[in-house]
Structures are given as C-alpha cells and as structure tokens.
There are 2 protein chains.
Amino acid sequence: MASATSFPRQQPLLQLLQQTDGELSAQELHQRLRATRHSTGLATVYRVLKQLQQAGLVRCRKLPSGEAVYAPVDRDEHHLTCVQCGLIQALPLCPISSGSLGLGAVLLQGFRPLFHTFEIHGLCSRCQQHEIAGDE
Amino acid sequence: MASATSFPRQQPLLQLLQQTDGELSAQELHQRLRATRHSTGLATVYRVLKQLQQAGLVRCRKLPSGEAVYAPVDRDEHHLTCVQCGLIQALPLCPISSGSLGLGAVLLQGFRPLFHTFEIHGLCSRCQQHEIAGDE
DNA sequence: GCTAGAACGACAACCATTCTCACTCTTGGG
DNA sequence: CCCAAGAGTGAGAATGGTTGTCGTTCTAGC
C-alpha cells in the first residue's frame, strides 16, 4: 500500500513547509526544492501536496489572486484580507481553538475534519482612507 | 460619485443572487443574465461583482476547483468540503453569529470587516469508506 | 536479470479571470 | 440641438495557476 516510503517526495516537501514561516504556494515550493538536492517536477509537487492534504498533514487555502498556499496543519493561523488591495494581515484568533463552537458529530454528518479555514474580508485602513478621499 | 444609478448593472445582478438558493459563479451569473433582458458581457459581470463585494453587498469564496462563487452577504452559510471528491455540504454553524468570538477592534487593526468565510475541509463518509477498502 | 506496476517530469491543455481597446452612452456646455 | 469629454461596456486576446498526457524511470517481486 501507500506506506510512508512509497512517497519519498513527501518528506522533503513537508520539512520545507515546516521550516518556513508563513504559507507557500506550489510554485514557490517548486522553486525552493530546485535549489536543494530534492529537485522535483511541478506536477509532482502538486501530486504530493494533494497527498499530504488528504493525509491531514498539510492545509491549504486560496488567495484572492487564485493561487493556493500551503502550510502544516498544526499552524493554526487565520487572516484578514482586503478586498480592494489584497493586503493580508494575520488574525490571531481561531473559532475552533477558542473552543466555544459546538462542533458536534451531528453537524459533521460523517465528515472526518482535517483542517479548517477562517477568513475575514474587508477594507484595510489605507483603502478606507482612499475611499473617503475619492468620494462618498 | 458612484451612486446607485451610476452602475445600472448592479441591480439585476444583485437581484439574481438574492433570488437564487445557494451560490453562483461569475460564469453562471453571466449565463443566467443572458437569458433575461439584462444581458451583460462577462467582463462587466466581473467588474460589477467586484463593486458589489467592495460595497459590502456580496460575499465570495473560492471553491477547490478554483472558481469563485458569490452570494448576498446576509446569507450567513458555511460549508464542509471533501478534499478528495470535492463534495460540499452545508455547515449550519457560524463562528461570528455564535457570538462567542472575541472580535475586538484591536484584532481588526483598522480593518472594516465586510464578510467572512469559515470552512471545514476533510473526508466525506463515502471517501472514508473507499480509503478503508483501498488499503490502510 | 526480467517484468509489471507505480511514480515521475516535461510539456501541452484547460479554464477562470483579467486586460485591452474600440465603441456607445450619458452629461454638461455652448 | 449639437458637440466634446468622460465613464461604462463588450468581444476577444492574454494571463497564469493548475491539471492532464504520455513516454521514461524507478521499485518490488520473481
């Protein structure tokens, strides 16, 4: 079966994610791996990322730009995103770890949760200024 | 300034979203508008969606497939998504409306929040079965 | 060694989204 | 009423991240 050794590409990629602050896109991972002795084709990077995600080791979210960024699942970080300029700020707050959410088995309907995303979209202070200056 | 009448395309599009259960992609909105007397170019659909989003009238999230889907902001629904087959189920639970989240001004750092997304990714019951059958 | 099957990489294909640019519509003067 | 300026629009091209294809390489079992 698909034991750990069957996918020798998983380890280097996972380590790279763990060693890196913040999130990395598949393209960035591909670039960085080229610089090491674990150089890997882009298609394989995507394949391995999907495996790691389904194994519950890596989480993923889509930026407004459309690219997906990845991080280890244990990295419980969420974000504020400006819908105008795309600015991203960390949101030191998690609805799950705060514990106050009644996430019973009933609500999960048989789902086995692997990771979650929580994002607040709005206008950053700079874009609010521009809005006022522009009109309104 | 950008008063309501300056953007005559906003109303039909917004109404269409409000009349529709669930979320619509830009492409779907474009298709459906063609069938009405408010036919609109695809580029304009995207332009208007961005306007409505920045005006705080419409929210948006990215599906794993990469396409963005839109809904009225007041539609406070969240989702379970299967990372394997892409199945989406409603998650009748919201970390914001549950109120238990300490979302103070400090955390928002000047952001004016417009909408939020909360998603749980995991394996649906069907894909868990397959996983067991396949190996492991 | 030899074969079957999985994994891999280079490259093509895909497709949602964004960009371009010529055209139209509205608005305010003259 | 006509004209000019600016904003809005749409068709189609361009973009770019992601996925598919397919021949090659690697691994496991014999």
Side-chain angles (χ1 to χ4, degrees), chain A residues 1-14 23-55 58-71 81 83-86 121 134-136, chain B residues 1-14 23-55 58-71 81 83-86 121 134-136:
Chain A
M1 73 126 299
S3 70
T5 57
S6 294
F7 298 108
R9 308 296 170 129
Q10 289 189 355
Q11 278 309 314
L13 207 157
L14 186 54
E23 303 160 301
L24 289 175
S25 70
Q27 311 271 350
E28 285 168 335
L29 282 164
H30 177 231
Q31 296 292 343
R32 299 206 185 188
L33 285 173
R34 301 190 89 172
T36 73
R37 67 168 177 282
H38 302 289
S39 186
T40 301
L42 186 54
T44 300
V45 171
Y46 280 105
R47 278 191 281 251
V48 172
L49 282 171
K50 178 163 260 181
Q51 292 163 6
L52 289 173
Q53 195 177 326
Q54 293 179 3
V58 158
R59 69 172 169 76
C60 149
R61 72 183 180 109
K62 300 260 180 192
L63 300 183
S65 69
E67 63 184 348
V69 289
Y70 301 83
T81 304
V83 295
Q84 191 150 310
C85 69
H121 299 255
D135 59 32
E136 185 174 354
Chain B
M1 74 127 302
S3 71
T5 57
S6 294
F7 299 110
R9 308 297 169 127
Q10 290 190 355
Q11 278 309 314
L13 207 156
L14 186 55
E23 304 161 299
L24 288 174
S25 71
Q27 309 272 351
E28 285 168 335
L29 280 164
H30 176 231
Q31 296 293 343
R32 299 206 184 188
L33 284 173
R34 301 191 90 171
T36 72
R37 67 168 177 280
H38 301 290
S39 185
T40 301
L42 186 55
T44 300
V45 171
Y46 280 105
R47 279 192 280 251
V48 172
L49 282 171
K50 179 163 259 180
Q51 292 163 7
L52 290 172
Q53 195 178 324
Q54 293 180 2
V58 158
R59 68 171 170 76
C60 148
R61 72 182 181 109
K62 299 260 180 194
L63 299 183
S65 70
E67 63 185 346
V69 289
Y70 300 82
T81 304
V83 295
Q84 190 150 310
C85 68
H121 299 255
D135 62 31
E136 183 174 350

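Protein chains get the first letters and strands the later ones, always in sequence-line order, with residue 1 at the start of each. Since we're looking at a predicted model, the values are computed, not measured.
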Rounded to whole Å, how long is the line connecting atom [atom1] of [X] with atom [atom2] of [N]?
{"X": "A/Leu33", "N": "C/dC8", "atom1": "CG", "atom2": "P", "answer": "12 Å"}
{"X": "B/Leu63", "N": "C/dC15", "atom1": "CG", "atom2": "C1'", "answer": "14 Å"}
{"X": "A/Leu13", "N": "C/dC8", "atom1": "CG", "atom2": "P", "answer": "11 Å"}
{"X": "B/Arg61", "N": "C/dA16", "atom1": "CZ", "atom2": "P", "answer": "16 Å"}
{"X": "A/Leu52", "N": "C/dA7", "atom1": "CG", "atom2": "C1'", "answer": "15 Å"}
{"X": "A/Gln51", "N": "D/dT19", "atom1": "CD", "atom2": "P", "answer": "13 Å"}

* Asked: Does OP1 or OP2 of D/dG10 have a side-chain N or O of B/Thr44 closer than 4.0 Å?
  ->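 Result: yes.
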* Within less than 4.0 Å of OP1 or OP2 of D/dT9, is there a side-chain N or O belonging to B/Arg9? ->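 The answer is yes; a side-chain N or O of B/Arg9 sits under 4.0 Å from OP1 or OP2.
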With the criterion being N/O to N/O and under 3.5 Å, what pairs connect the protein with nucleotides 13-18 of chain D, and how long is each?
from   : atom 1 : to      : atom 2 : distance (Å)
D/dT18 : OP1    : A/Ala68 : N      : 2.7
D/dT18 : OP2    : A/Tyr46 : OH     : 2.5
D/dT18 : O5'    : A/Tyr46 : OH     : 3.2

* B/Val69 versus B/Cys60: any side-chain heavy-atom pair under 4.5 Å? -> no
* **Heavy-atom side-chain contact between A/Tyr46 and A/Gln27 under 4.5 Å** =>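 A/Tyr46 vs A/Gln27: side chains touch.
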* Choose from D/dT9, C/dG9, D/dA11 the nucleotide whose nearest atom is closest to any side-chain atom of B/Arg47. =>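 Ranking D/dT9, C/dG9, D/dA11 by closest atom to the B/Arg47 side chain puts D/dT9 first.
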* Among A/Val48, A/Leu42, A/Thr40, A/Leu13, which one satisfies side-chain contact (heavy atoms from CB on, under 4.5 Å) with A/Leu29? -> A/Leu13
* With A/Leu33, which of A/Glu28, A/Arg9, A/His38 fulfils side-chain contact (heavy atoms from CB on, under 4.5 Å)? ->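 Going through the options one by one, the only one that passes is A/His38.
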When rounded to the nearest 0.5 angstrom, what is the spacing between [atom1] in [X] and [atom2] in [Y]?
{"X": "A/Gln84", "Y": "A/His121", "atom1": "CD", "atom2": "NE2", "answer": "15.0 Å"}
{"X": "B/Ser25", "Y": "B/Gln31", "atom1": "OG", "atom2": "CD", "answer": "9.0 Å"}
{"X": "A/Glu67", "Y": "A/Leu24", "atom1": "CD", "atom2": "CG", "answer": "10.5 Å"}
{"X": "B/Gln53", "Y": "B/Tyr70", "atom1": "CD", "atom2": "OH", "answer": "6.0 Å"}

* Do the charged groups of A/Arg59 and A/Glu23 touch, with an N to O distance under 4.0 Å? ->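 The answer is yes: the pair qualifies as a salt bridge.
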* To do: Compute the angle between the rotation axes at the two ends of the helix from C/dG1-D/dC30 to C/dG30-D/dC1, each taken over five pairs, rounded to 10 degrees.
  =>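 End axes: 10° apart.
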